[in-house]
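First the structure, in the form of structure tokens, and then the observations on it.
Predicted, not measured: the structure shown is a model, and the values here were computed from it.
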Amino acid sequence: MKQFFYRVFCAAAFFILIPIVFTLLFQGAGEGPFEMEEADGTESGTEILFDEDILPGIVANEIAIDTELEAMKAQTVIARTNCLRAMEQGEKLPEGLTKGEMIRLWGQDNFSDYYSRIEECISATSGVAMVNGGSYIRADFHRSSAGYTRNAAELYGEGEYPYLKGVDSRMDIKSQDFLKVVFYTPKQLVEKGGELFGEETRQAKDQITAAEVLGRMEVTKRDGAGYVTEVVIDGKPHSGEEVRLTYNWNSSAFSLKEVDGEIRVVTKGLGHGLGVSLFGANELAANGYQYKDILKYFYDGIEFVTQYH
């Protein structure tokens, strides 16, 4: 009788466990390595264990695939450094593309060659990251500068990011993103600015002139690279980045002028202007710079370390 009950118990357990086993077997059938939120790092001594498999998606998301190879290697080191810094500080990793998104971006016929190009850059820079004072740097980058990259000390104070110094990047003048001109009617500028303006200005948007709008918008501070750091609008100060993001302008290196009853906005560069200019890095690579030379050009006082080997 005991053997009978034992057999019944085993059979029941077997049928209960079957669906569980199949569920476990088929979990994670998607594009796991490129889901950034699932990436994890743990410390071993002073080093962080890091899975290089997440890098192709991040690099593909950050830089054009036809970039010069040495500039792409530089971007790979930037991506790795930012990942290691994020894991060290418990922050979210940089966003990456899935393989499916890469195929849609590049086309099925190009995917294999383009993906191999990124893998070549990862292999050539295996484990290499940037540090300053023993800590991973905040490896900022942007598409194109306004002619000079920005000095972080002018934004955050001395000593905060000492490696983010302003450098000459006048090669960016050749970029198609270097200069952009946009025109607004006074009403359009006030409407899109929203709460940047006071209630009185918003109420008068249908009657206000360009001269009157500009009389209520005063650029009061710029940094050494020409980027606006403060705009006073209706008596209230705003950062240049806040204003440019509100209007979706290319950069905070902007100027405003009345032209034929409208307001002309001219921006220089594309992005926040800190760290590496991607266009400038590509130009340096085309002129024979190696990836470490490119990074040393834009980041001051950095050292290269090789992790997890």
Side-chain angles (χ1 to χ4, degrees), residues 59 61-79 121 130 137-155 161 163-184 214 219-231 239-259 262-302:
V59 175
N61 190 44
E62 293 180 344
I63 196 166
I65 196 63
D66 60 351
T67 299
E68 293 279 343
L69 198 61
E70 291 300 314
M72 188 170 285
K73 290 177 187 177
Q75 191 65 28
T76 302
V77 175
I78 288 172
C121 293
M130 295 175 285
I137 72 168
R138 195 183 89 173
D140 283 338
F141 62 94
H142 55 282
R143 297 294 167 189
S144 171
S145 79
Y148 291 84
T149 64
R150 305 177 75 177
N151 187 341
E154 296 183 82
L155 299 175
Y161 304 104
Y163 42 84
L164 294 177
K165 296 285 180 68
V167 301
D168 187 337
S169 192
R170 281 176 288 182
M171 52 272 202
D172 290 334
I173 292 173
K174 295 189 292 183
S175 168
Q176 63 180 6
D177 298 315
F178 179 72
L179 203 66
K180 186 172 182 180
V181 181
V182 184
F183 285 89
Y184 296 88
L214 292 179
V219 173
T220 51
K221 293 180 183 177
R222 291 182 184 270
D223 64 17
Y227 291 79
V228 174
T229 57
E230 184 182 87
V231 188
S239 72
E241 279 297 297
E242 179 188 359
V243 173
R244 84 105 166 173
L245 291 173
T246 298
Y247 288 104
N248 198 30
W249 293 338
N250 276 3
S251 83
S252 59
F254 59 80
S255 60
L256 311 169
K257 185 177 181 180
E258 179 190 358
V259 177
E262 293 190 322
I263 298 155
R264 185 188 69 188
V265 180
V266 178
T267 59
K268 291 182 180 181
L270 178 58
H272 51 59
L274 288 164
V276 168
S277 159
L278 297 186
F279 185 89
N282 196 58
E283 288 293 297
L284 292 179
N287 283 283
Y289 278 62
Q290 301 299 297
Y291 78 89
K292 287 186 177 180
D293 299 323
I294 293 170
L295 294 169
K296 285 182 177 179
Y297 183 88
F298 286 104
Y299 300 123
D300 186 60
I302 59 168

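Side-chain contact between Leu155 and Leu164 is absent, with no heavy atoms from C-beta onward closer than 4.5 Å. Between Ile302 and Ile137, the closest side-chain pair of non-hydrogen atoms falls below 4.5 Å. Between Ser277 and Tyr297, every side-chain heavy-atom pair lies at or beyond the 4.5 Å cut-off. Side-chain contact between Phe183 and Ile263 is absent, with no heavy-atom pair separated by less than 4.5 Å. Inter-residue side-chain proximity for Arg170 and Tyr148 is flagged as met; some heavy-atom pair is nearer than 4.5 Å. Annotation: side chain of Asn282 is not in contact with side chain of Met171 (no heavy-atom distance under 4.5 Å). With contacts defined as side-chain heavy-atom distances shorter than 4.5 Å, the pair Val182/Tyr247 does not qualify. Residues Val231 and Glu242 have side chains not in contact (no heavy-atom distance under 4.5 Å, counting atoms from C-beta outward).
Separation of atoms CD1 (Ile63) and CD1 (Ile78) is listed at 7.5 Å; rounding is to 0.5 Å. Atoms OG1 and CZ, from Thr67 and Phe279 in turn, are 10.5 Å apart once rounded to the nearest 0.5 Å. Atom-to-atom distance recorded for Leu270:CG and Gln176:CD is 9.5 Å, nearest 0.5 angstrom. Atom CG of Leu274 sits about 11.0 Å away from atom OG of Ser145, to the nearest 0.5 Å. In this structure, the separation between CZ on Phe178 and CG on Asp172 is 7.5 Å, given to the nearest 0.5 Å. Annotation: the span from Asp168 atom CG to Phe298 atom CZ amounts to 9.5 Å, rounded to 0.5 Å.
Looking at His142, its side chain never comes within 3.5 Å of a backbone N or O of Leu278 through a donor-acceptor pair. A distance-only check finds no donor-acceptor pair linking the side chain of Ser251 to the backbone of Thr267 [under 3.5 Å].
Counting only N and O atoms by type, the side chains of Thr229 and Asp223 include no donor and acceptor under 3.5 Å apart.
By the salt bridge (Lys or Arg N to Asp or Glu O under 4.0 Å) test, Glu62 pairs with no residue at all, sequence neighbours left out.
Arg143 and Asp177 are not joined by a salt bridge, as no carboxylate oxygen comes within less than 4.0 angstrom of a charged side-chain nitrogen.
When all heavy atoms of Asn250 and Gly269 are compared, the pair lying nearest together is CB-O, 3.3 Å. Considering every non-hydrogen atom in both Gly224 and Glu154, the closest pair reads N-OE1, 3.0 Å.
A side chain to side chain contact (heavy atoms under 4.5 Å, CB included) with Tyr291 is found for exactly one of Lys296, Glu70, Met72, Gln75, namely Glu70. Among Lys268, Glu241, Arg244, Arg222, the one residue that satisfies the side-chain hydrogen bond (donor to acceptor under 3.5 Å, both in side chains) test with Ser252 is Glu241.
Ring planes of Tyr163 and Tyr161: perpendicular class, angle over 60° (limits at 30 and 60°).
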